[in-house]
Amino acid sequence: MIDRDTALKVQALLDGELSANEAAEVTRRLEHDPEARQIYNELELTRAVLLRCEPEYAVPESREFYWSRIRQGIESGERSGAAPESTWWRGWTRWLVPAGATALVGLFLLQRSWLMPQDDAAAFSSDHQVETLLAEATSISFRSESAGMTVVWVQGGSPNFFESNE
Amino acid sequence: MNRSYVLCRLSLVALLFFACGQPTVNAQGKDLKLVAQLIWGTDGEKPAEAKIKEVDRETRDKLKGVFRWKNYFEVSRQEFRVATDARRRVQMSKNCAIEVEYHGRSVIEVKLYGEDKLLLTKRQILRPGEFLVLAGDDKDDTAWFVILTLAKN
Amino acid sequence: MSAKIDYASAADPILVRAAQRGDLLAFEELVARHRDKVYSRAFSILRHEEDAVDMSQDAWIKAWQRLKQFQHESSFTTWITRIVINLCLDHLRKQKRYQTQSIEVLEAESGGVEKQFPVEIPNPTERLERSELRQRIDRALAQMSVEHRTALTLLEYEQLEYKEIAKRMNCSIGTVMSRIFYARRRLASLLAGLKREDYQ
């Protein structure tokens, strides 16, 4: 049974990580050690398969929606002069269907208990003003043109709307 | 100038008057007629004892096009009018209420209350056929929705 | 007066230079062109859709902020991919999903890497269609630990050297080599194992 160090050296030969002397030594080993040769072949084959068939994943959001958040982050960073912090509202999109079904545009973000500053008001129509007042709640507002729907998603607050009326 | 000509001109003026009034159905001075629904979104089936029903097809299709839950049940529904520059409070459930103020020209301001605490205020131009959806998560991976639309005449 | 750019047909270096001059439309075109690749790299490491979307978007935002530092020494996609990788690794560290492991710990968990799997000689993939292979590789990668998957991704898809991988993963070169070796043998075993079902 080939030892671990030799197996790793065989791998390093494949990955071009050995010095010239080390590479020559391991190459000689491959010529007369069938087990080392088999390991090399398997690693080489696995590499070829990985490179030939790299899994491809597409962004699960429409172009506009994906870009809208990036643009928000860029503009926010330029206003504040610092890298934007965007952690409090992460994960809200788990409530949405995969974006292929809907083109969402105009993502508007507001932090809790923060009204739009007057100099930004011109950037938004009266369609998109949300003031969230409950301290522990935050909200995200967006519009789906194709569905003819404006949504305000409230995170937190735990309103317990379905408690029995009886 | 004969009578038929005058009548024709008056008819044309009347036609233009009403045509210019569309699609802003509720011009200044008219009441706004609204429908509010409290809806529960879930992947589960309707509980047997619950006095709730499936939402209508249009609402279901709109919600399913955006949100991921399988089933949407209407918990309560209210139809009501709000006069221009007036405010109307509507109780949707024991812990859910909305207050709608109509500013005219299809602009409404909605306040959503949960357990008598103001959760949010939203100003919106509400056009015919469009939905204003206030929503959030509920326990056990379900969701609540308060939907406002203009009543169909 | 500079010529108006046809964003859709402009080559990347032209768009990058325009973006470096503050042209947000040029940058938007770059995002549209390469968003899948950047997202793909994030997802291949994190295996979590929302996190991968978040990290990839943060990478684009950072790229805009650092654009003036990009000197065209590599391709733009290589540069932005490195940004998203670093963000993913930082993210994993913050989540504490990412433990630095010694070789001894790795061996204890796996029972000795070289003893884990018999060596497979025949080519198990000859008759598989590429799309099916992609799916199987995807499933195989999903089954690996984040450490193994990350090391393999950085080596095979980013062509980083062991030293660079060790630096980014905050571990020793020996650990990198062991992780990669284990990941490759595991992948071979998973592919071979699935393939046997087809022939039985």
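Remember, predicted model here, so these are calculated numbers, not experimental data. The chains referred to below are lettered A, B, ... by the order of the sequence lines, with proteins before strands, and numbering in each begins at 1.
Between the side chains of A/Thr150 and B/Gln124, at least one donor N or O lies within less than 3.5 Å of an accepting N or O.
A pairwise comparison of heavy atoms in B/Leu119 and A/Phe161 identifies CD1-CZ, 3.9 Å as the closest pair. Across all non-hydrogen atoms, the minimal contact from A/Phe162 to B/Val75 is CE2-CG2, 3.5 Å. For the residue pair B/Leu120 and A/Val154, the shortest heavy atom distance occurs at CD2-CG2, 2.9 Å. Across B/Lys62 and A/Met149, no two heavy atoms sit closer than the pair O-CE, 3.3 Å.
If you measure heavy-atom distances from B/Leu148 to chain A, you find no contacts under 4.5 Å at all. Heavy atoms of B/Ile52 lying under 4.5 Å from chain A are absent altogether.
Per-residue counts of heavy-atom pairs under 4.5 Å with chain A were compared for B/Gly129, B/Ser76, B/Cys96, B/Gly114; the largest is that of B/Cys96. No other option in B/Val146, B/Leu132, B/Thr149, B/Ile147 has as many heavy-atom pairs under 4.5 Å with chain A as B/Leu132.
For B/Lys53, the NZ atom sits in a loose shell: 12 or fewer heavy atoms of surrounding residues, nucleotides or ligands are nearer than 6.0 Å.
Legend: residues meeting side chain to side chain contact (heavy atoms under 4.5 Å, CB included) with B/Ala97, ordered by chain and number and at least two apart, are B/Arg89, B/Gln91, B/Tyr113. The salt bridge (Lys or Arg N to Asp or Glu O under 4.0 Å) check on B/Arg81 picks up nothing, with sequence neighbours excluded.
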* To do: Take B/Phe131 and A/Val151 through the side chain to side chain contact (heavy atoms under 4.5 Å, CB included) test and state the conclusion after the steps.
  => CA-CA 8 Å; B/Phe131 281 29; A/Val151 178; over 6 Å; no

